[in-house]
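Worksheet: one structure, shown below.
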Amino acid sequence: RPRVFSGIQPTAGSFHLGNYLGAVRQWVALQETHDAFYSVVDLHSITIAKDPAELRANTRLAAAQLLAAGVDPDRATLFVQSHVAEHTQMSWVVECLTGFGEASRMTQFKDKSAKQGNDGTSVGLFTYPALMVADILLYHTNEVPVGEDQRQHLELTRNIAERFNARYGELFPVPEPHILKETGKIYDLQDPTVKMSKSASTPKGIVELLDEPKAVAKKIKSAVTDTDTVIRYAPEEKPGVSNLLTVYSTLTGAGIPELEEKYAGKGYGALKTDLAEVVTEWVTPFRERTQEYLGDPETLDGILAKGAEKARSVAAETLATVYDKVGFLPAK
Ligand code: AQP
């Protein structure tokens, strides 16, 4: 079976609709056909200062949400990144294979560091993509299900895999991004020209999956559309309506043409009211399942311990091979 690896930061507290439709939904689908490794990437989340107690709680919360979304620990290996020390060890090797200029060109770093200023930007934010490359390579990953915003980091991963293979001898498959055209970028409800994002969206622009269902419905109903009234999928011309149609279509399985036909001659109000119901019906059981997992931390921690053990066994073998190829003297 081909391998997939992906990660999600525990930073968020609640996942948002973009995380789910862009990434986590694909994780659930791919565990059926692939050997899947999914991680709550807590190491990644401290590039920006975090309250320790909150980080710990949010790590469990992220794992609970993944399980509630359908990640099945019998099918996929679910683990916390910091439980597998090989990630940081591999990361150093990747850093030494990455050019300073190459890392400086990462747009996510440029955007985030511009916002935080030089003194507010940690070196960890700069080396974040190297850690992500390490995450992926450790599992000999073939495919990486992520949102569009991760494409550049995936491109870097491919380059590093090739560079390692060329310098030290063939070891890593060159991983492919698994980014869906339809849902790779879910847009902010208030500004449908930018992605829905934890750090940049306003509270009205982002649907948090653990929000009160009523609050979710209200946000959908007040989504920004346009001054026209026609319900048509046209991302360039009508980004707001198109974004709503994407969410509607993905959550219900109805095709976009089918939805365009259903709402022909009806106003945006009808579309929003129905979509609010669709999303509410999805988030309500999701919230309940998340609470159930959180209510049983022993079971949750047990799943994560088992996942870490499995991940560690694969990662340790890869790291040993990497260390050997790089030329480190084995410890006796
Ligand atoms: N708007 C989005 N549309 C589609 N996919 C998205 N992803 C994030 N936003 C969208 C994908 O979700 C996965 C997890 O991302 P993360 O670990 O970076 O989580 P986050 O911090 O909650 O994501 P944000 O909102 O994007 O945070 P900011 O903007 O603050 O960095 C990834 O696969 C990502 O592509």
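Both counts, for ligands and for their atoms, begin at 1 and track the order of listing.
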Less than 3.5 Å apart, any donor N or O on the side chain of [X] or [Y] sitting next to an acceptor on the other?
{"X": "Tyr248", "Y": "Lys262", "result": "yes"}
{"X": "Tyr139", "Y": "Asp35", "result": "no"}
{"X": "Thr107", "Y": "Gln152", "result": "yes"}
{"X": "Asp188", "Y": "Ser201", "result": "yes"}
{"X": "Asp135", "Y": "Gln81", "result": "yes"}

Heavy-atom contacts with [X] under 4.0 Å: which atoms of ligand 1 show up? List them by number with element.
{"X": "Gln150", "result": "35 (O)"}
{"X": "Val146", "result": "33 (O)"}
{"X": "Ala23", "result": "12 (O), 13 (C), 33 (O)"}
{"X": "Gly22", "result": "4 (C), 5 (N)"}
{"X": "Ser197", "result": "25 (O), 28 (P), 29 (O), 30 (O)"}
{"X": "Lys195", "result": "1 (N), 24 (P), 26 (O), 29 (O)"}

Has [X] got any heavy atom lying under 4.0 angstrom from an atom of ligand 1?
{"X": "Lys112", "result": "yes"}
{"X": "Thr11", "result": "no"}
{"X": "Gly184", "result": "yes"}

Please state which part of [X] comes within less than 4.0 Å of ligand 1, counting heavy atoms only: side chain, backbone, both or neither.
{"X": "Ser199", "answer": "both"}
{"X": "Ile186", "answer": "both"}
{"X": "Lys198", "answer": "both"}

Please check whether [X] reaches ligand 1 - meaning an N/O of the residue sits under 3.5 Å from an N/O of the ligand, judged on distance alone.
{"X": "Gly147", "value": "yes"}
{"X": "Ser6", "value": "no"}
{"X": "Ile8", "value": "no"}
{"X": "Glu148", "value": "no"}
{"X": "Gly18", "value": "yes"}
{"X": "Thr183", "value": "no"}

Legend entry - The single option from Phe15, Tyr38, Phe37 passing ring-ring contact (aromatic ring centres under 6.0 Å, His included) against Trp27: Tyr38

Residues 166-181 side chain polar contacts: donor-acceptor under 3.5 Å, at least two apart:
residue: Glu170; atom: OE2; partner: Asn165; partner atom: ND2; Å: 3.4
residue: Glu176; atom: OE2; partner: Arg158; partner atom: NH1; Å: 3.4
residue: His178; atom: ND1; partner: Glu143; partner atom: OE1; Å: 3.1

Legend entry - N-O pairing of Asp228 and Lys238 below 4.0 Å: yes

Inset, instruction - Indicate yes or no: does Lys50 engage Asp42 in a salt bridge with an N to O separation below 4.0 Å. - result: no

Inset, instruction - Using a cut-off of 6.0 Å, state whether more than 12 heavy atoms not belonging to Gln116 lie near its atom CD. - result: yes

Inset, instruction - Would you mind listing every salt bridge (charged side-chain N to carboxylate O under 4.0 Å, His left out) that reaches into residues 309-324, with sequence neighbours excluded? - result: none

